[in-house]
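This one's a predicted model, so the numbers in the text were calculated from it and none came from an experiment. Every chain is numbered from 1, with letters handed out A, B, ... down the list of sequences.
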Amino acid sequence: MPEVTIRYFAAARAAAGESTETAQASSVKELVGAVSADRPELARVLGICSFLLDGERVELTTPLYDGAQVDALPPFAGG
Amino acid sequence: MPEVTIRYFAAARAAAGESTETAQASSVKELVGAVSADRPELARVLGICSFLLDGERVELTTPLYDGAQVDALPPFAGG
Amino acid sequence: MSDAIRLLDIRETALSSDEVLAAVADPSAGGTALFIGTVRNHDDARPVDQLTYEAHPEALAHLRKVAERVCEGADVTALAAVHRTGPLEIGDAAVIVAVAAAHRDAAFVACRRLIDDLKAEVPIWKHQHFTDGASEWVGAC
Amino acid sequence: MSDAIRLLDIRETALSSDEVLAAVADPSAGGTALFIGTVRNHDDARPVDQLTYEAHPEALAHLRKVAERVCEGADVTALAAVHRTGPLEIGDAAVIVAVAAAHRDAAFVACRRLIDDLKAEVPIWKHQHFTDGASEWVGAC
């Protein structure tokens, strides 16, 4: 099982109470599940996030490799 | 027959060679006809002008009163 | 007159986007759309070196009518429009219009309508001087 | 990279419409459309007194992609986009985008697309602080 890092931004960070976290997960979906366990507010926010892996937009089904860093991006609100 | 004044702007003034002129005319159409006689370039420009009487847009058929002042406005090109 | 209209002017002196933006500044506005018409160095690929604008003496009254109508019905917070007359060089601003509104959609739509209606309805003319010495009244040749 | 792109930046310091307009100035341009997004004093009638923007470390790369796409196919002469991060007060400019083109239609269309796509695709977030002491991340509550 790959050891991966998730980086939280804006509302995701507020819900997680930290900027980054590591977990064992072989897909984005598993990663979200792992970090959301018994953290309902984080689960809620991650549920409306999009995810980046190596600068590219990825889906929940995207597989993860050891050392991967996934960014959790709440809906954008620029401008 | 009312004695009226026509005021030329921009290309109309250039074609008429003067800013203003008086003529005998009982309608805008008659006025245009009077001042265009044997002045083909002025006739051409007045043919693409719109006309103002007392600040309001008028048609060729609009009747004129003694002392009326009609403005000949070539197509606008502001901005 | 709609109090959203903050600045309307037709003048011989240089225009300033700062002046126009300051005129439409409003704490309740979330978006300001501004358009500047500048003197281009060519017209249909024919090099232009100078331009002169002429305005009808009542042009400002016509501009006010255009501005009033843009404010009607549209959720416009603030509006401004200034037009230059007299001789202009390449790159000079001939017209600057701006609209501020709570959201960008209203600001863009009203700003576009303001410049479109200004060009269609305000008696202002453009005398274009080409580098080859010829010149013409735009739209009348 | 399209040479029409003259200025792209995401910064903590105050934005300036003069800087953006100077960046897109071009003798071949006849029209420049500019949009400024400012901090409003209310959000759905709930009074706001302060706003903080946060940008993803790679936000500028995303902005460049948006700008490149706006320049493709459109007859854009020059383009600029700057976004503010950090704490902002009411009336401060959060974003300024501008597009210069030969004619106003292209300038307006591209400018509108630039701000729309920026808002949709550039990872920037807005933390809104209300006068009643509450605060929220816009779009995530």
Ignoring hydrogens, what is the shortest heavy-atom contact between D:Trp137 and A:Ala11? Give both atom names and the distance. CD1-CA, 3.5 Å
What option among D:Glu58, D:Glu121, D:Arg84 has the most heavy-atom pairs under 4.5 Å with chain A? D:Glu121
Sort D:Val138 into side chain, backbone, both or neither according to what part of it lies under 4.5 angstrom from a heavy atom of chain A. both
Does any heavy atom of chain A fall under 4.5 Å from the side chain of D:Glu136, the backbone, both, or neither of them? neither
Is it the side chain or the backbone of D:Ala120 that comes within 4.5 Å of chain A heavy atoms, both, or neither? backbone
Winner by heavy-atom pair count (cut-off under 4.5 Å) against chain A, out of D:Ala55, D:Gly37, D:Cys141, D:Ala61: D:Cys141
Check whether D:Ala94 gets within reach of chain A through its side chain, its backbone, both or neither, counting any heavy atom under 4.5 Å. side chain
Any residues in residues 69-79 of chain A near chain D, with a heavy-atom distance under 4.5 Å, and which are they? A:Asp71, A:Leu73, A:Pro74, A:Pro75, A:Phe76, A:Ala77, A:Gly78, A:Gly79
Part of D:His83 within contact of chain A (heavy atom distance under 4.5 Å): side chain
What are the residues of residues 28-44 of chain A, in order of number, with any heavy atom under 4.5 angstrom from a heavy atom of chain D? A:Arg44
Members of residues 13-25 of chain A whose heavy atoms come closer than 4.5 Å to chain D: A:Arg13, A:Ala14
Using a heavy-atom cutoff of under 4.5 Å, enumerate the residues of residues 45-68 of chain A that contact chain D, numbered in order, or state 'none'. A:Ile48, A:Leu52, A:Gly55
Contact class of D:Glu54 relative to chain A, heavy atoms under 4.5 angstrom: side chain
